[in-house]
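Numbers here are sequence positions counted from 1.
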Amino acid sequence: MPRIERLKRLVHEPLVHCLVAGALIFALWGGGGNAADRSITVTEAQVRGLSGQWEQQWHRQPTPAEVDGLIRDLIADEVYYREAVRLGLDKDDVIIRRRMRSKMEFLVAAQAENEVADEATLQAWLDTHRRDYATEAALSFDQIFVAGDADRARLELARLAAGVDPAAPSAPLLVPRTYDDVPAAEIDRQFGGGFAKAVAALPPGRWAGPVASGYGQHLVRLSKLTLGAAPVLTSVRKAVENDWREANRTRRENAAYQALLDGYTIKIAKP
């Protein structure tokens, strides 16, 4: 392609337009800005940090030439960053705005993460949320699935009370006939929500019901009910501390944002 045609094509390239505009702005501002803006100092601490990051990544110390390369890259980062800010490239950029927001939220979260709760604070949290840490109730029982409605189940219950073999009214069902010390949540998972609570309310030692499940009607003989134990702080301390820390972090973030928001006048124009 002739040189003149190549030049004509370059003139119409958007990237060339951007570079030319940047060069013009730089030329206009070149003598401006204070001297501190045009001075870059690389400290020993920064060099040690760069070397440490290299060593963590490559599992060896960098050579002097590699250290020089890291420093050059750091300087390039700083130069490009300052010139981008000088040209206003950080304005109205969604990605940059989100990144800056994330850094602000991180600063607030870091302060909350460093806060340590004393025993009284954790005990107060446990007292308020005791149900979240109590051990589950467990049940032992036998069940018979009855094919039919509740009236049919009550009829079969009367026959059981009269001495009929418990196997007689049972219909096939792909769940165990007998359960021994099974947590209430697992029972509800197999039979449907509320089944364990209904079984726990039955009189122990005899056939009772019917109790409805996701399958239909059941006759149940409760043999043992082990109630959930109230927790003590020593047994659930780690879980309590983790939950308190998460709630505290959220509370601190919300309070910090509200404090910042209170300094602004908000005007919203809805279409």
Side-chain angles (χ1 to χ4, degrees), residues 112-113 116-251 253-254:
E113 285 294 330
V116 178
D118 56 23
E119 294 299 305
T121 300
L122 294 180
Q123 185 62 55
W125 177 271
L126 175 59
D127 292 341
T128 306
H129 305 84
R130 188 169 295 277
R131 290 181 60 184
D132 295 338
Y133 306 98
T135 57
E136 269 193 282
L139 297 92
S140 299
F141 62 93
D142 300 306
Q143 65 84 23
I144 295 173
F145 174 62
V146 179
D149 58 15
D151 289 338
R152 171 66 186 277
R154 281 188 281 269
L155 178 61
E156 295 296 345
L157 178 62
R159 294 180 62 201
L160 286 175
V164 173
D165 182 1
S170 180
L173 190 65
L174 295 177
V175 293
R177 171 86 178 265
T178 299
Y179 288 81
D180 186 24
D181 279 329
V182 179
E186 175 60 22
I187 294 172
D188 281 345
R189 189 186 70 79
Q190 293 190 32
F191 290 91
F195 190 85
K197 183 178 180 180
V199 171
L202 296 176
R206 61 184 177 85
W207 289 103
V211 179
S213 77
Y215 302 106
Q217 302 296 324
H218 301 257
L219 303 178
V220 180
R221 180 170 59 192
L222 176 65
S223 55
K224 186 173 69 170
L225 171 63
T226 304
L227 296 176
V232 294
L233 182 58
T234 52
S235 65
V236 292
R237 191 182 194 285
K238 188 62 178 177
V240 169
E241 186 173 10
N242 289 341
D243 292 343
W244 172 86
R245 190 180 300 280
E246 177 62 23
N248 184 58
R249 182 187 64 79
T250 301
R251 179 183 60 81
E253 285 183 358
N254 292 339

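Atom-to-atom distance recorded for His129:NE2 and Asp243:CG is 8.5 Å, nearest 0.5 angstrom. The CD atom of Glu186 lies 10.0 Å from the CZ atom of Phe191; values are rounded to the nearest 0.5 Å. Here the CD-CZ distance, from Gln123 to Arg237, works out to 10.5 Å after rounding to the nearest 0.5 Å. With rounding to the nearest 0.5 Å, the separation of CG in Leu122 from CG in Asp127 is 11.0 Å. Here CD of Gln217 is found 12.0 Å from CD of Gln143. Values are rounded to the nearest 0.5 Å. Here the straight-line distance linking atom CH2 of Trp125 with atom OH of Tyr133 works out to 6.0 Å at 0.5 Å rounding.
With Leu139 as reference, Leu225 is the one residue of Val220, Leu225, Leu202 to meet the side-chain contact (heavy atoms from CB on, under 4.5 Å) rule.
Here the side chains of Val175 and Tyr215 are in contact, with some heavy-atom distance below 4.5 Å. The shortest distance between side-chain heavy atoms of Pro231 and Arg130 falls below 4.5 Å.
A donor-acceptor pair shorter than 3.5 Å can be found between the side chains of Gln190 and Tyr179. Side-chain contact, Asn248 with Arg251: a donor N or O sits under 3.5 Å from an acceptor N or O. In summary, the side chains of Asn242 and Glu246 do not present any donor paired with an acceptor at a separation below 3.5 Å, with no hydrogens or angles considered.
Side chain of Asp188 to main chain of Ala196: a donor-acceptor pair is present (N/O by atom type, distance under 3.5 Å, no hydrogens or angles). No donor-acceptor pair closer than 3.5 Å links the side chain of Arg177 to the backbone N or O of Ile144. Using modelled atom types, no side-chain atom of Arg206 and backbone atom of Arg221 make a donor-acceptor pair closer than 3.5 Å. Between the side chain of Ser140 and the backbone N or O of Asp181, at least one donor-acceptor pair lies under 3.5 Å.
The heavy-atom pair separating Ala150 from Pro210 by the smallest distance is O-CG, 4.0 Å. Counting all heavy atoms, side chain and backbone alike, Ala198 lies closest to Val211 at CB-CG1, 3.8 Å. Val232 and Ser235 get closest at one heavy-atom pair: O-OG, 2.8 Å. The shortest heavy-atom contact between Ser213 and His218 is OG-NE2, 2.6 Å.
Below 30°, between 30° and 60°, or above 60°: for Phe195 and Phe141 the angle between ring planes is between 30° and 60°, a tilted geometry.
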Quiz prompt | Residue pair Asp151, Arg154: steps toward the salt bridge (charged side-chain N to carboxylate O under 4.0 Å, His left out) verdict | solution = CA-CA 5 Å; Asp151 289 338; Arg154 281 188 281 269; 2.7 Å; yes
